[in-house]
Amino acid sequence: KHGRFLLGHKIVDSCSGGVFIVDVSSAQPTGGIYFILDQLGKTLEFWAEMKPDNPPKYNVILTSRDSIEVWRSSMGMVVPGLYPRILKWYEDIKQKMPALPGFNMALALRKASALSDSKFPIFLLCGGLVETVLNTPLEMAKVLYDMQIQCLGHQASMKAIHAVEMYPMPSMTAGSG
């Protein structure tokens, strides 16, 4: 309920907002992308219903290989009814995304970091069906270092980067959870 299966109670209850990087490559197990979008939609709906004093902001990045599509040009307020709109957006652009496993995590993290501006956590929602990663440890260290420097420039602590990796599940469907 409310996306807790995918993101967990603490994150959902925090109403923190965030930038969600969704791996839409073939590294996702069958049904994995729709399951992630369903869980993300439930989380956003829960946040919209909670109406906290400081409403959460969010953005969504879809990525496959070196292709990146961003839902909004900047962080947006969480409002009711986002899930069907995000799902339609995915349906409209999924043919543009390469049908190969994996994504350029360094590129996606740089984009997410620029969007979050050191104010929101980042969520990596990845497929687990990839044999080799596209980025070297040195590339990833450089991205994380640059993110820390950005935080220093904003005089803010670095927000969490949460990673969820999807593997095939026997009965995973879009409505479960």
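- The backbone N or O of S74 sits less than 3.5 Å from a side-chain atom of N59, completing a donor-acceptor pair.
- Formation of a donor-acceptor pair under 3.5 Å by the T136 side chain with backbone atoms of E139 is found in this model.
- No more than 12 heavy atoms of other residues, nucleotides or ligands sit less than 6.0 Å from atom CG of N54.
- Ring pair F123/H162 is parallel by interplanar angle, where below 30° counts as parallel and above 60° as perpendicular.
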>> Apply side-chain hydrogen bond (donor to acceptor under 3.5 Å, both in side chains) to residues Y58 and W71 and explain how you reach the verdict.
In response: CA-CA 10 Å; Y58 78 101; W71 170 248; 2.8 Å; yes

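- Residue Q155 places its CD atom among 12 or fewer non-hydrogen atoms of other residues, nucleotides or ligands, all under 6.0 Å distant.
- For the pair N135 (side chain) and M140 (backbone), a donor-acceptor distance under 3.5 Å is absent.
- Between the side chain of T43 and the backbone N or O of V12, no donor-acceptor pair lies under 3.5 Å.
- A donor-acceptor pair is defined here as one N or O able to donate and one able to accept, closer than 3.5 Å; no such pair exists between the side chain of E69 and the backbone of I93.
- Side chains of S113 and Q150: a donor-acceptor N/O pair is present below 3.5 angstrom, by distance only.
- Residues V78 and K57 are not in side-chain contact: their nearest non-hydrogen atoms beyond the backbone lie 4.5 Å or more apart.
- Of the possible polar contacts, none joining the E45 side chain to the P80 backbone as a donor-acceptor pair under 3.5 Å is found.
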